[in-house]
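Quantities reported herein were computed from a predicted structural model and do not represent experimental measurements.
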Amino acid sequence: QVQLVESGGGLVQAGGSLRLSCAASGDTFSRSPMGWFRQAPGKEREFVAAISRSGRTYYVDSVKGRFTISRDNAKNTVYLQMNSLRPEDTAVYYCAAKAASYYSDYTYTRTYDYDYWGQGTQVTVSS
């Protein structure tokens with residue numbers, strides 16, 4: 001069982017930056033594809049960014065050029081650096097982990113691809 005704990009959310013003005021962190025338990029982190037999702041009030045949870053075991057990345061179009069996902073396997077942590085934030089980025093952000101694999105090196109964009117979820121961290125961008 002993998003536990004994920006997000007941190008780094010908060011209130012920021014439009015144009016500002018935040019860095020989210022997600023610390024994972026266990027010893028399989030380096031083999032787990034990871035992702036970030038977000039959910040705004042009244043909306044479904046949506047994909048934001050993903051990173052494969054080897055560090056390949058993929059982003060939803062609305063955050064390309066503004067957000068960067070990265071991982072530090074020595075610290076069992078995945079990050080989401082968010083720059084040029086907009087009010088429409090306001091949401092609860094969730095970290096997700098897919099079960100570890102020795103074979104695939106894909107990025108995953110669907111909620112049902114992931115096996116473990118964090119509790120979420122609130123990001124609020126004021127205009």
Side-chain angles (χ1 to χ4, degrees):
Q1 187 76 7
V2 174
Q3 292 185 328
L4 304 173
V5 179
E6 300 102 333
S7 61
L11 173 64
V12 64
Q13 289 188 333
S17 299
L18 284 173
R19 189 176 82 153
L20 305 183
S21 300
C22 173
S25 66
D27 56 3
T28 62
F29 176 80
S30 64
R31 293 186 281 111
S32 292
M34 302 293 294
W36 285 97
F37 290 75
R38 64 188 179 188
Q39 188 166 18
K43 295 187 176 181
E44 292 187 353
R45 192 170 299 189
E46 66 170 357
F47 168 76
V48 176
I51 188 166
S52 72
R53 296 185 302 123
S54 69
R56 295 167 56 192
T57 59
Y58 187 79
Y59 300 91
V60 68
D61 285 347
S62 61
V63 309
K64 285 180 181 177
R66 300 189 298 123
F67 290 11
T68 303
I69 187 172
S70 62
R71 66 190 300 159
D72 185 337
N73 290 338
K75 295 183 178 179
N76 273 23
T77 301
V78 63
Y79 303 97
L80 185 68
Q81 177 67 44
M82 305 185 295
N83 299 328
S84 301
L85 282 161
R86 305 167 180 169
E88 54 264 39
D89 295 318
T90 295
V92 177
Y93 282 71
Y94 296 92
C95 171
K98 184 173 175 59
S101 170
Y102 285 103
Y103 306 106
S104 69
D105 191 36
Y106 300 119
T107 54
Y108 298 87
T109 64
R110 298 167 297 188
T111 56
Y112 58 80
D113 287 325
Y114 290 89
D115 302 290
Y116 307 101
W117 292 84
Q119 81 289 351
T121 185
Q122 177 70 46
V123 171
T124 303
V125 184
S126 62
S127 57

- Item | Shortest non-hydrogen contact from Thr90 toward Gln122 | CG2-NE2, 4.0 Å
- ring pair (Phe, Tyr, Trp, His ring centres under 6.0 Å) pairs touching residues 66-106, sequence neighbours excluded, are none
- Query: If we only count heavy atoms from C-beta on, is the Arg66 to Asp89 side-chain gap below 4.5 Å?
  - Reply: yes
- Message: Taking side-chain hydrogen bond (donor to acceptor under 3.5 Å, both in side chains) as the definition, give me every residue that meets it alongside Asp105, ordered by chain and number, with sequence neighbours left out.
- Response: Ser52, Ser54
Anything under 3.5 Å between a donor and an acceptor, one on a side chain of residues 4-17, the other on a protein residue two or more places apart or in another chain? List them.
from: Glu6; atom 1: OE1; to: Gln119; atom 2: N; distance (Å): 3.0
from: Glu6; atom 1: OE1; to: Gln119; atom 2: NE2; distance (Å): 3.4
from: Glu6; atom 1: OE1; to: Gly120; atom 2: N; distance (Å): 2.9
from: Glu6; atom 1: OE2; to: Cys95; atom 2: N; distance (Å): 2.8
from: Glu6; atom 1: OE2; to: Gly120; atom 2: N; distance (Å): 3.3
from: Ser17; atom 1: OG; to: Asn83; atom 2: OD1; distance (Å): 2.9

- Report the distance from atom CD of Glu88 to atom OG of Ser127, rounding to the nearest 0.5 Å. 10.0 Å
- Task: Would you give the length of the straight line joining atom OG1 of Thr109 to atom CD of Glu46, rounded to the nearest 0.5 angstrom?
- Result: 12.0 Å
- Task: Return each pair, listed once, that meets disulfide bond (SG atoms under 2.5 Å apart) where at least one residue sits in residues 23-79; pairs must be two or more places apart or across chains.
- Result: none
- Query: Just how far is it from atom CZ of Arg38 to atom CZ of Arg45, taken to the nearest 0.5 Å?
  - Reply: 13.0 Å
- Query: Would you find a donor on one side and an acceptor on the other, under 3.5 Å apart, between the side chain of Thr68 and the backbone of Gln81?
  - Reply: no
- Which pairs with one or both residues in residues 11-42 pass ring pair (Phe, Tyr, Trp, His ring centres under 6.0 Å), sequence neighbours excluded? Phe37-Phe47, Phe37-Tyr114, Phe37-Trp117
- Task: Give the minimum heavy-atom separation between Val123 and Leu18, together with the two atoms involved.
- Result: CG1-CD1, 3.9 Å
- So how far is it from Asn73 CG to Arg31 CZ, rounded to the nearest 0.5 Å? 11.0 Å
Going by atom type alone, with no hydrogens or angles, which donor-acceptor pairs under 3.5 Å involve a side-chain atom of residues 57-65 and a protein atom two or more places apart or on another chain?
from: Tyr59; atom 1: OH; to: Ile69; atom 2: N; distance (Å): 2.9
from: Asp61; atom 1: OD1; to: Lys64; atom 2: NZ; distance (Å): 3.0

- Note on the structure: Separation between CE (Met34) and OG1 (Thr77), nearest 0.5 Å, reads 9.0 Å
- Item | Euclidean distance, Thr107 OG1 relative to Lys98 NZ, rounded to 0.5 Å | 11.5 Å
- Message: Minimum heavy-atom separation for Ala99 and Pro33, please, with both atom names.
- Response: O-CD, 4.1 Å
